[in-house]
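These figures come from a predicted structure and were not determined experimentally.
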Amino acid sequence: MWIAPNWFKSFAPPILSFLRSVDLNEKIIIPFCTHGDGGFGKIEINISKECPNSKLLPGFAATSDFDDKQVQSWLDSIGILV
């Protein structure tokens, strides 16, 4: 799992460098982004393009007013126990 800001409808260039520099084949990727109003934009699409052999689980796009209940509901929906 990683967290990144939505940066012009995608992830910031350092995230792209990271995705290209590590072997994420057959790994599970769970995106989590922060945003002001853009949601995921194309973040999930771009992750899928960069990591075609990884499993991408549904992510969570947080604004400044998210709360613990929303996070717990998301984690429950993707089967992550905390």
Side-chain angles (χ1 to χ4, degrees):
M1 180 182 328
W2 96 77
I3 181 171
N6 175 330
W7 201 68
F8 298 106
K9 304 280 185 209
S10 191
F11 40 73
I15 299 297
L16 179 59
S17 295
F18 170 77
L19 292 175
R20 291 181 174 174
S21 69
V22 297
D23 180 10
L24 295 173
N25 285 319
E26 299 182 25
K27 302 292 186 206
I28 296 171
I29 299 174
I30 309 170
F32 177 97
C33 84
T34 57
H35 65 92
D37 195 28
F40 271 116
K42 294 183 179 180
I43 289 175
E44 291 174 312
I45 293 167
N46 292 339
I47 292 170
S48 293
K49 287 179 184 177
E50 291 297 324
C51 305
N53 298 319
S54 299
K55 181 177 181 179
L56 183 64
L57 294 183
F60 185 77
T63 58
S64 62
D65 63 349
F66 78 97
D67 62 33
D68 294 349
K69 291 177 186 173
Q70 291 171 307
V71 175
Q72 188 61 58
S73 176
W74 164 60
L75 293 173
D76 292 344
S77 75
I78 61 172
I80 303 294
L81 302 174
V82 290

Give a yes or no on whether the backbone of [Y] and the side-chain of [X] come within a donor-acceptor separation of less than 3.5 Å.
{"X": "Ser54", "Y": "Ile29", "value": "no"}
{"X": "Ser77", "Y": "Trp74", "value": "yes"}
{"X": "Ser73", "Y": "Lys69", "value": "no"}

Is there a chain of hydrophobic side chains (I, L, V, M, F, W, Y, each step under 4.5 Å between heavy atoms) that links [X] to [Y]?
{"X": "Ile45", "Y": "Leu16", "value": "no"}
{"X": "Phe60", "Y": "Ile78", "value": "yes"}
{"X": "Val71", "Y": "Ile30", "value": "yes"}

Nearest 0.5 Å, please: how far is [atom2] in [Y] from [atom1] in [X]?
{"X": "Cys51", "Y": "Asp23", "atom1": "SG", "atom2": "CG", "value": "9.5 Å"}
{"X": "Leu56", "Y": "Leu24", "atom1": "CG", "atom2": "CG", "value": "11.0 Å"}
{"X": "Lys42", "Y": "Ile47", "atom1": "NZ", "atom2": "CD1", "value": "14.5 Å"}
{"X": "Leu75", "Y": "Phe32", "atom1": "CG", "atom2": "CZ", "value": "9.0 Å"}
{"X": "Lys55", "Y": "Ser48", "atom1": "NZ", "atom2": "OG", "value": "13.0 Å"}

State, to 0.1 Å, how close [X] and [Y] come at their nearest heavy-atom pair, and which atoms those are.
{"X": "Gly39", "Y": "Cys33", "answer": "O-SG, 3.7 Å"}
{"X": "His35", "Y": "Thr63", "answer": "CE1-CG2, 3.1 Å"}
{"X": "Phe66", "Y": "Gln70", "answer": "CA-OE1, 2.9 Å"}

Checklist entry - Less than 4.5 Å apart, any side-chain heavy atom of Asn46 and any of Leu19? => result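 They are not in side-chain contact.
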
Checklist entry - Taking atom CG of Asn25 as the centre, does the number of heavy atoms from other residues, nucleotides or ligands within less than 6.0 Å exceed 12? => result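 Atom CG in Asn25 is packed in, count exceeds 12.
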
